[in-house]
Amino acid sequence: MGKGSGPQVPLATFLPTLAHVREVADPVSPHLEVTREWLRTPHEAVWFRSFRNPSLVGNLWPTRESVAACYGATAREFTEILLQAIEHPTPPAVVKTTAPWQENESKPRLTEWPVPHFYPEDAGSYLTAAIFSSQWKGKRNLSYHRLWIQGDDGGPMRLVPRHLDRMVQEARRSREELPVSIFIGAPIDVLLAAACSTDYAVDEMEIASALHQRRTGEPLRVVEMPDGSRVPFEAEIVLRGRITLADAEEGPFLDILGTYDTKRIQPVVRIESVHTVKSPVLHAIVPGSDEHFLLMGLPREPLMLRSVRSVVPGVRAVRLTEGGCGWLNGVVAIDKRREGDGKNAILAAFSGHASLKQVTIVDSDIDIFHDREVEWAVATRLQADRGLVVIPGATGSSLDPSASKDGITTKWGIDATLPLGIPREPFLKGHL
Ligand code: MN
């Protein structure tokens, strides 16, 4: 945003490439009203300025074009850029200088913040763009976790059984609390990397640094905390605390599919100190919004691309669709070279993203970034008696309400590619 034309308070860590922000100066309630306002313009960043210290912003990254543009790329090219960063993580630059967020320290009074209560049946007010940074026995991890602000110093988090959960389990075995640095508001490189699914040994901050390097030519600058966790130099808000030995009931909470995730017993987080820039902005990811789909789904697409490419060299583009909430449904475009390529692409797409439930394979003349084009390909090129693949009894997303209780689901693929060796003319769109 240009000086003078943009917001009066710069959104320091939220990238200058963010071209347009709708500012709401009138008071709004963080209880449901902010959600309504965000959902009214889902592809526009909306900043609530009536809240102070912090103010509140959502829909920051609402389109894949807005993310790709930061890297000088189109949506199609961006999958490859993300794949390169995942395959070639680079160390961040640990700096000793004082970060802007280290200049303002206070005791946690989180109930005074405009933490949104997003949907009517949610258990309470939640932080949704909180990235947990941790270090345990030499291994580091970044991951998003929703955090229910039950009191001034925290509440229960949602801890899915992945890397941070493993650290918590190990710490708890020796009756130790796990220190965490929770940061909110960071460069897009970090927001993407924190949603990447990697090996336990890989520090997601190194993926962020590779992306940052690609975007700016410099490694990502980070601050090392006393507990060994790392926080980006550019962050709006940092909460220092610990995942305690206590558990509490968490949820319900409306999640990515737009349905309510159920109550579970989950670990309780206690915040000890709050560190912010001057005039901090609280980033909220609206559950079930396009920004939610993108920040969760974009980092899965490179893994699907890599998996399909290993069996079908002619893979051209991969996309998780917004209709499938950036999580359950995908489309892949291939240059078909062997008759079975379409079927192999279906199987490989499933192994690249474990939560994928449905995938459609099309020829590379179809623009997979337009749902209507994909549906056109299915309408004009598919014969279901030879193009359908149904895989019962597979493990899918635990969020899918149609899956059985343990997440067992039937996956299915549509091979809408044309058979090789037939005249293609009847299948091509005429043009003016
Ligand atoms: Mn990890």
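Computed from a prediction, not measured in an experiment: that's the story for all the values here. When a residue number appears, it is its place in the shown sequence, counting from 1. Just follow the structure's listing: the first ligand is 1, and inside any ligand the first atom is 1.
With salt bridges taken as basic N to acidic carboxylate O contacts below 4.0 Å, one links K343 and D415.
The side-chain contact (heavy atoms from CB on, under 4.5 Å) test with T360 singles out one residue from I366, I414, I368, and that residue is I414.
Shown here are the salt bridge (charged side-chain N to carboxylate O under 4.0 Å, His left out) partners of R22, two or more places apart in sequence or in another chain: E37, E44. By the ring-ring contact (aromatic ring centres under 6.0 Å, His included) test, Y71 pairs with F78, sequence neighbours left out.
Side-chain contact of T41 with H43: a donor-acceptor pair under 3.5 Å is absent, judged by distance alone.
Protein contacts to the Mn ion (ligand 1) involving N, O or S atoms at a distance below 2.8 Å are N141 OD1, H163 ND1, E204 OE2.
For residues 289-315, the set of pairs meeting the ring pair (Phe, Tyr, Trp, His ring centres under 6.0 Å) definition, not counting sequence neighbours, is empty.
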